[in-house]
K.L.:
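Sharing a structure below in structure tokens format, with a few things to ask.
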There are 2 protein chains.
Amino acid sequence: MENKELFRLLAGKNSLRLELELKLNDMIKREYYTKSQIILKPGQIPNRAWFIEKGSAMGFVFKEEKKVPFWFWNENDIMVPLNSFFNQVPSETYIELLEPSILLSISFEDVQEILLGFPESNDYVRKIMQDYQKMSEKRILEFAAYTPEEHYLHLMRDCPAIFRKASVESIAAYLGISRKTLNRIRSRTRRF
Amino acid sequence: MENKELFRLLAGKNSLRLELELKLNDMIKREYYTKSQIILKPGQIPNRAWFIEKGSAMGFVFKEEKKVPFWFWNENDIMVPLNSFFNQVPSETYIELLEPSILLSISFEDVQEILLGFPESNDYVRKIMQDYQKMSEKRILEFAAYTPEEHYLHLMRDCPAIFRKASVESIAAYLGISRKTLNRIRSRTRRF
DNA sequence: TTCGTTTTGGGACATTTGTCCCTTTTTTCC
DNA sequence: GGAAAAAAGGGACAAATGTCCCAAAACGAA
């Protein structure tokens with residue numbers, strides 16, 4: 001069955017209604033991208049919501065000529081710039097693929113059609129937003145309540161995949177510290 | 001008209017349908033609280049979503065015997081612990097009022113009833129979540145991309161009300177820095 | 001009001017982090 | 001495969017932040 005992983009993610013332990021699955025199968029587009037492709041830029045209005053079937057991506061902004069990543073997405077993640085997609089306003093951030101990737105996507109218009117035609121889909125969208133919110137709050141607490149070293153170790157535990165895909169520079173900026181500090185932490189915590 | 005500010009916030013530039021307004025007026029409870037009252041504790045399932053008609057509040061956790069605030073709410077803010085309220089799972093955080101406050105609130109069951117009976121209310125809930133998400137991402141970027149001083153100055157600009165309501169200790173913890181550092185920043189940036 | 005408690009601001013010093021380098025290693029692209 | 005470019009790790013020093021204080025100010029309950 002196509003798009004199996006995505007549907008499982010949307011419906012949780014239940015399944016999607018068959019009509020909805022069929023409809024979505026018609027709407028969903030599968031596209032192949034190469035490493036380092038930029039799929040969203042500031043000023044663009046994102047007209048599709050993505051799901052990463054294979055690969056990974058990073059959301060970032062520029063601060064004084066430097067990329068500051070604020071989000072990483074991995075395989076099986078739903079990737080939606082919530083504000084700019086749902087309000088159809090220009091993005092303020094970039095999204096860049098970290099490796100060759102396969103993305104599923106659905107257009108804004110199709111999402112609207114689904115929301116109108118399938119009332120339960122409102123719950124699915126709400127669930128997606130809650131998950132983002134939960135991760136954001138966790139992230140904020142990591143910044144506010146933990147030392148850089150704790151923050152790093154938590155990221156390492158919760159999301160080890162990142163470390164095989166993003167540069168040390170990016171991870172340091174994501175943690176809000178300098179590359180030097182991240183190097184220090186890594187040599188300090190390396191266990192042989 | 002009762003609950004005017006809340007309705008304006010929900011509907012944006014349009015108005016709520018009259019039927020919905022009447023229904024909400026029936027459901028909404030107005031309650032008076034004193035300073036420092038704790039209205040949500042870890043372990044509790046929040047059964048109401050709040051709107052601050054008057055007053056302010058702070059969400060926090062404890063880290064090593066110290067309060068770490070992760071969110072401040074002010075007058076005319078919708079105050080909902082998104083994850084624990086909508087999934088009806090135990091909260092992991094505290095919410096404490098910073099001053100004598102008047103809160104409007106609606107129960108989880110009533111929200112469900114509204115969502116079923118008034119399809120457009122799904123948009124209102126989505127809007128609330130988007131606003132939270134937008135603020136969270138802003139917050140994350142403040143941590144990742146700005147120095148403590150910049151972070152402080154932005155907070156000062158965007159939310160000066162906080163400084164009249166929360167302690168220096170709380171604001172420092174909210175910014176992820178020590179009280180000493182916040183004091184240094186303040187004396188450095190004070191302009192006479 | 002008054003006394004006890006809490007909060008605030010700042011000094012001294014230790015620790016951590018950042019900046020600026022340079023060298024080595026890894027990656028990228030003909 | 002090999003040259004050029006990019007990324008990583010770490011040394012030396014400067015800058016910042018944190019911890020532990022204490023005294024002054026503000027607050028709060030009787």
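Note on naming: letters A, B, ... go to the chains in the order of the sequence lines (proteins, then strands), and numbering restarts at 1 for each one.
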K.L.:
For the helix from dT1(C)-dA30(D) to dC30(C)-dG1(D), how many degrees between its two end axes (five pairs per end), to the nearest 10°?
P.N.:
70°

K.L.:
Return the set of residues passing side chain to side chain donor-acceptor pair (under 3.5 Å) with Trp73(B) (not counting sequence neighbours), or none when no residue passes.
P.N.:
Tyr132(B)

K.L.:
Quick one about Gln44(B) and Ser91(B) (side-chain donor to acceptor, distance below 3.5 Å, no hydrogens or angles considered), yes or no?
P.N.:
no

K.L.:
For a quick check, tell me whether the side chain of Arg184(B) and the base of dG18(D) share a donor-acceptor pair closer than 3.5 Å.
P.N.:
yes

K.L.:
Report the distance from atom CG of Asn183(A) to atom C1' of dT23(C), rounded to the nearest whole Å.
P.N.:
14 Å

K.L.:
If you look only at pairs with a residue in residues 96-131 of chain A, which of them pass as a ring-ring contact (aromatic ring centres under 6.0 Å, His included), with sequence neighbours excluded?
P.N.:
Phe85(A)-Phe108(A)

K.L.:
Quick one: side chain to side chain donor-acceptor pair (under 3.5 Å) partners of Ser167(A), sequence neighbours excluded?
P.N.:
Ser170(A)

K.L.:
Tell me, please, which residues at least two apart from Arg126(A) pass salt bridge (Lys or Arg N to Asp or Glu O under 4.0 Å).
P.N.:
Asp123(A)

K.L.:
Each nucleotide in nucleotides 25-30 of chain C should get exactly one letter: B, S or -. Can you fill that in based on protein heavy atoms under 4.0 Å?
P.N.:
---S--

K.L.:
Please list all pairs passing the salt bridge (Lys or Arg N to Asp or Glu O under 4.0 Å) test where one or both residues lie in residues 28-44 of chain A, with sequence neighbours left out.
P.N.:
Glu2(A)-Arg30(A), Lys29(A)-Glu31(A), Arg30(A)-Glu53(A)

K.L.:
Should side-chain heavy atoms under 4.5 Å link Ile, Leu, Val, Met, Phe, Trp and Tyr, which residues sit in the same cluster as Ile102(A)?
P.N.:
Tyr32(A)

K.L.:
Report the residues that fulfil side chain to side chain donor-acceptor pair (under 3.5 Å) with Glu169(A), sequence neighbours left out, ordered by chain and then residue number.
P.N.:
Arg179(A)

K.L.:
Give, ordered by number, those residues of residues 139-170 of chain B having at least one heavy-atom distance below 4.0 Å to an atom of DNA chain C; if nothing qualifies, reply none.
P.N.:
Ser167(B), Val168(B), Glu169(B)

K.L.:
List in numerical order all residues of residues 173-180 of chain A for which some heavy atom is under 4.0 Å away from an atom belonging to DNA chain C.
P.N.:
Ile177(A), Ser178(A), Lys180(A)

K.L.:
Can you confirm whether or not the ring centre of Phe70(B) sits under 6.0 Å from the ring centre of Phe60(B)?
P.N.:
no

K.L.:
Kindly write out the residues that satisfy side chain to side chain donor-acceptor pair (under 3.5 Å) with Glu92(B), not counting sequence neighbours, or none if the list is empty.
P.N.:
none

